[in-house]
Amino acid sequence: MKILKSNIIKLTISVVFLVVFAFINVVSAIASPPYSTYSFNADRQPAYMQTVYQPVGMLGQNLYDHTTGEQLPGLSNPSGIFIDQNDRIYVADRDNNRIVHITSSGALMKVYGDESGPGVLRQPEGVFVTENGDVFVADTGNNRIVHFDAGGNYIFSFGKPDDIRLQNIMFIPTDVTMDLRGTLLVLLRGGSEGIMLMSREGEFLSFFGRNLTPLNIIERLLRFIYTDEQIRTNLNRLAPSPSAVAVGKDGFIYTATQATDRGQLKKLNVNSEDLFLNEDFQIDNPYFNPIALSAITVTNSGMIFVTDRSNGMVLIHDNLGDLQIGFGQLLFGGNFRVGVFGDPVGIGVNSRYNVFVLDRVYNGIHVFAPTNFMLNFIAGIEKQQQGLHLEAEENWETVLRQNVFIRSAHEGIGRIRYREGDYISAMEHMRRAFNQELYSAARWQQRVIVTREYTPVVLITLAGVFILWLILFKILRLKMEPTRRVMLGPRIAGHLDNFLFAAQILRSPSDTLYSASYEKHGNIGTATVWLLLYLMTAIIATGLTSFSFSMYGLRGFDLVTFLVFNLLPVLVWILAGYLVGSITKGQGTLRNIFISTVYALMPFILLRIPIALISQVLTLTEVAIYNFFMLVMWAWVVILQFIATKETQGFSMGETVKNTLWIIFVSAMTVLFAIALYGIAMQAWSFLDEFFRELLGLV
């Protein structure tokens, strides 16, 4: 009976445990958002991280009258959103031909756009609200800008200015905003000239922030023979028009552009200079689509929020343009949920850092609330930008306790440690933040301390060694007995002799290469050992090179990538040399070309690690010294490769120059062919993968 009772108790406990476990998993699945969140390193490579924005709900699909509570039609094909300094939400409700002011609970407060008269709107796509409540609308369907007062009364409107400079410009405004001087910034559909600057009365001022025209290689070559008139005609590509524009509290103008390979995100000063230097902001991951930035907003602290309609994500950059965080997912099938974006065309952030993403497919607004992690992250950035580094320490420490891979937090702590004089800790945090400049500054200060502390000890030690040498070998005439040579077998001695013989290329390259090729002083085995030493040297030197000159070192080391950039060029050069030598009747065999090519890498094998060690005591201000050593090493390798071609193939000097150029050409063609073949193979694999996934019903 006791045994039965004990078994019943154990069974009951097990069932309760399973029920609780299942309940926890179900609750977790329900509570977790339906999208992923990513952090990014300095090269915009993504890594999964915890949720930073929780989905709150969907706004705008259903509206109600704020006075009567009557249900009203929701948004229809909305195209623009604006959140003012009082957190009031304005939406360009395109297909309802109106601008609506709504609350975060879905109450309709006011409608802009008369039912009749001059204030009637037609398919408006953009809206901006001033501090005193005046509303400016990009009335796209009517090809004009409309001005309403805070009460919704029509004030003024204007269309295309009567200016000879605009005779070939179509005036179809899609968005409007205002800079700190009160100048209107108008985006035009197909506006290849950039942003149109206008006065509030509709006077044309100028164009601003024009994107660069993307040109392929052929078009770049044609520009050398085009006349100025041809360059100005439509025979050339037009620059892509910005997709969205925003003005920061710092006075800078920010633009987002979809259809461009570079400069997708820009920060423009008053001279229309891009402070982000036309950078390519693509996400470095093959599983992500090329970004298409459709909307942008800038917070008071300078953080940049953009929507990427290609990947269905919100991307968050700091005021320097560094991509920090991304979250969201692209809508596929019928998975309509908050954070799974269909067509995100607008974005706004209120004073509490809630994010509102306008989605044309949903006819609504995705609403997100920041987590405690995100609030500390934002607070840290705000304080740091205000110069309150010490005050931000608690925020950064909280962030790092929850995620140790956040670069901004490491940089914030690193700045604090630098101010405190803890330069070793500062260097470690800057290394984790991938900030080479500040890392180098901390290394400089630490080097000053080490030099000041240890220079007397080093000098005294050297003086002591010198005095001891004088006493023993000069005064006492002490003589050392010659060391006995270790007797080796003839086979081992021969291999050792061949191995050490390769190093003589540094002293007499022509004789060494000739002897290795024609006097049997070299063999495949010895050359293979030296080739392996070359690869080992490259790996070791990568790990030993200072962070100031090598951002990643061995972190994220990939063997395939390493071999492609270190071994493959050597093998391609050997193959190209053999092919060219065969065609030009050179004397070099494949064996001899392999041996001489590997031997000519000797400067790299002997100098690369010492240069890496030297880099450990240098800073970025001394990059010229590091580059000089690297240049000398590679120049030496190139000269030896040239001599190797001459001696191995038996060419004259002129023939060597000509055939070296042919080897370079054949090597380049081989690489291009391999890249093309790889691209075709990847396309074929992608096609087969998609075909079988559809066939098996996996998509």
Have [X] and [Y] got a donor and an acceptor in their side chains that come within less than 3.5 Å?
X	Y	result
D308	S310	no
S294	T307	yes
S105	Y64	yes

Do the side chains of [X] and [Y] get close enough for a salt bridge, i.e. N-O under 4.0 angstrom?
X	Y	answer
E391	K383	no
R360	D95	no
E411	R415	yes

> Ring centroid separation for F336 and Y362, is it under 6.0 angstrom?
Replying inline: yes
> Can you list the residues that meet the ring-ring contact (aromatic ring centres under 6.0 Å, His included) rule with Y552, with sequence neighbours excluded?
Replying inline: F434
> Y287: what forms a ring-ring contact (aromatic ring centres under 6.0 Å, His included) with it, not counting sequence neighbours?
Replying inline: none
> Parallel, tilted or perpendicular: which fits the ring planes of F373 and F377, with parallel below 30° and perpendicular above 60°?
Replying inline: parallel
Going by atom type alone, with no hydrogens or angles, which donor-acceptor pairs under 3.5 Å involve a side-chain atom of residues 338-346 and a protein atom two or more places apart or on another chain?
residue : atom : partner : partner atom : Å
D343    : OD1  : R309    : NE           : 3.0
D343    : OD1  : R309    : NH2          : 2.5
D343    : OD2  : R309    : NH2          : 2.8

> Partners of H101 by side-chain hydrogen bond (donor to acceptor under 3.5 Å, both in side chains), sequence neighbours excluded?
Replying inline: none
>> Under the salt bridge (Lys or Arg N to Asp or Glu O under 4.0 Å) definition, can you give me all pairs with a residue in residues 274-292, not counting sequence neighbours?
In response: R44-E279
>> Could you walk me through whether D87 and S351 satisfy the side-chain hydrogen bond (donor to acceptor under 3.5 Å, both in side chains) test, starting with their C-alpha distance in whole Å, then the side-chain angles of each, then the deciding distance to 0.1 Å, before giving a yes or no?
In response: CA-CA 7 Å; D87 292 344; S351 61; 2.6 Å; yes
Distance-only check: which donor-acceptor pairs under 3.5 Å involve side-chain atoms of residues 201-208, not counting sequence neighbours?
none

